[in-house]
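Quick note on labels: first sequence line is chain A, next is B, and so on, each numbered from 1.
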Protein chains: 2
Amino acid sequence: MVHNHTPDSNQAPPARLEEALGVLREHGHRITRPRVAILEALIARQGPVAIEVLHQSMPNGVCDLATVYRCLAAFEKIGIVRRSYFSEGTAIYEFTLGGDHHHHIICRECQKVEALDFCVVEGLERLVRDRGYRDVSHMLEFFGVCSTCAEKPDPAKNP
Amino acid sequence: MVHNHTPDSNQAPPARLEEALGVLREHGHRITRPRVAILEALIARQGPVAIEVLHQSMPNGVCDLATVYRCLAAFEKIGIVRRSYFSEGTAIYEFTLGGDHHHHIICRECQKVEALDFCVVEGLERLVRDRGYRDVSHMLEFFGVCSTCAEKPDPAKNP
DNA sequence: GTGGATGCAAAGAATTTGCAACCAA
DNA sequence: TTGGTTGCAAATTCTTTGCATCCAC
């Protein structure tokens, strides 16, 4: 039920990067060092990430925070990433190319993300469509405190 | 499957207000004019509202915006309201007392929100708990373009 | 060479907080 | 009376934007 090692990829990372670069080209966007770095960080993360966290996970000084915001906004428009706003109010982005539709379990303490390979909700989208809605999509995420964090007395960030 | 008129109330509005005031007292909070006004506006709304919108819907000058933020945060702690962050990044609060757990359909164009009275996901939380997570919760929302917006050539904000 | 992209800094928007005055219990 | 609340304003945090410079094509 839960993937531990390759949470959300059906393709190897290099292939996913290539696919993303291809989509960028198709849309007339340029392939720049910051963009490649952002995509690599996104793919490496294998799940939803906050922009700030993504930026910090990138090689020192390879890219400005403002650029991360701009690129992710551009990536979203052409379907490379998905943006959402979990419970904390800060934007979260997730790489979407080449992966199955799935959901996550996010630890409230350490923010660790695990993917779940089931989705029982798709059938429900039909009900929403029957209601007259078009382009229906959904978002489902689980939150909790992972066993590792639950054992620690202090809420230290330690996956 | 979809409630159109009373999205999330099993009780009449006055009863809901009384229940909320009772919860406030139980937790040692005071009943003030701003708080009653906020609760009334929340109950009248019968669904999720953005804080700014809620504030504007209240009687002229009855309460400061900062107070709305503070009260809603307090209400959330004692279970009177639920906070979430749909797609726009601004916080949304919803009155929850006397209502069932449920989810929403949000129109991507006009942001109209309708409530759905089912939740098939709760059973799945068990799977997450079995995985070792504690304090498990989930978030599920549907997005789409409502029939009214789908008919309009321009994406004007018109529910 | 040229227009799209980036870095830096400043602007905006949303939310939180400090503090003195206020009022519900 | 008294500590919880509020209003107002300043401070934070997150995100967007202006503009000169830079670089991918």
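Once rounded to the nearest 0.5 Å, the distance linking CG of Leu17(B) with CZ of Phe95(B) reads 7.5 Å. Within the model, atoms CE of Met58(A) and NE2 of His55(A) stand 6.0 Å from one another, a figure rounded to the nearest 0.5 Å. The distance from atom CD of Glu26(B) to atom CD of Glu19(B), rounded to the nearest 0.5 Å, is 9.0 Å.
Between Ser57(A) and Leu54(A), the shortest heavy-atom contact is OG-O, 2.7 Å. Pairing each heavy atom of Thr96(B) with each of Gly79(B), the nearest pair is OG1-O, 3.1 Å. The two residues Leu72(A) and Leu42(A) come nearest to each other via the heavy atoms CD2-CD2, 3.8 Å.
The shortest distance between side-chain heavy atoms of Ile80(B) and Leu39(B) falls below 4.5 Å.
What separates CZ of Arg83(B) from P of dA14(C) is a distance of 14 Å, to the nearest Å. Atom CD of Glu26(B) is separated from atom C1' of dA25(C) by 17 Å (rounded to the nearest Å). Leu21(A) has its CG atom 14 Å from the P atom of dA24(D), to the nearest Å. Taking atom CD1 on Ile51(B) and atom P on dA14(C), their separation rounds to 11 Å, with Å as the unit. Taking atom NZ of residue Lys77(B) and atom P of nucleotide dT16(C), one finds them 11 Å apart after rounding to whole Å. As a whole-Å value, the separation of His27(B) NE2 from dT5(D) P is 13 Å. Regarding Asn60(A), its CG atom lies at a distance of 13 Å from the P atom of dG7(C), rounded to whole Å. Atom CG of Leu24(B) and atom P of dA24(C) are 14 Å apart (whole Å).
In the region residues 29-39 of chain B, proximity to DNA chain D at under 4.0 angstrom, judged on heavy atoms, holds for His29(B), Arg30(B), Thr32(B), Pro34(B), Arg35(B). The stretch residues 63-75 of chain B touches DNA chain D through Cys63(B), Asp64(B), Ala66(B), Thr67(B), Arg70(B), Cys71(B), each having a heavy atom within less than 4.0 Å of the strand.
Put simply, the side chain of Arg35(A) gets close to the backbone of Arg30(A): a donor and an acceptor are under 3.5 Å apart. The main-chain N or O of Ala91(B) is never found under 3.5 Å from a side-chain atom of Arg83(B) such that the two would form a donor-acceptor pair.
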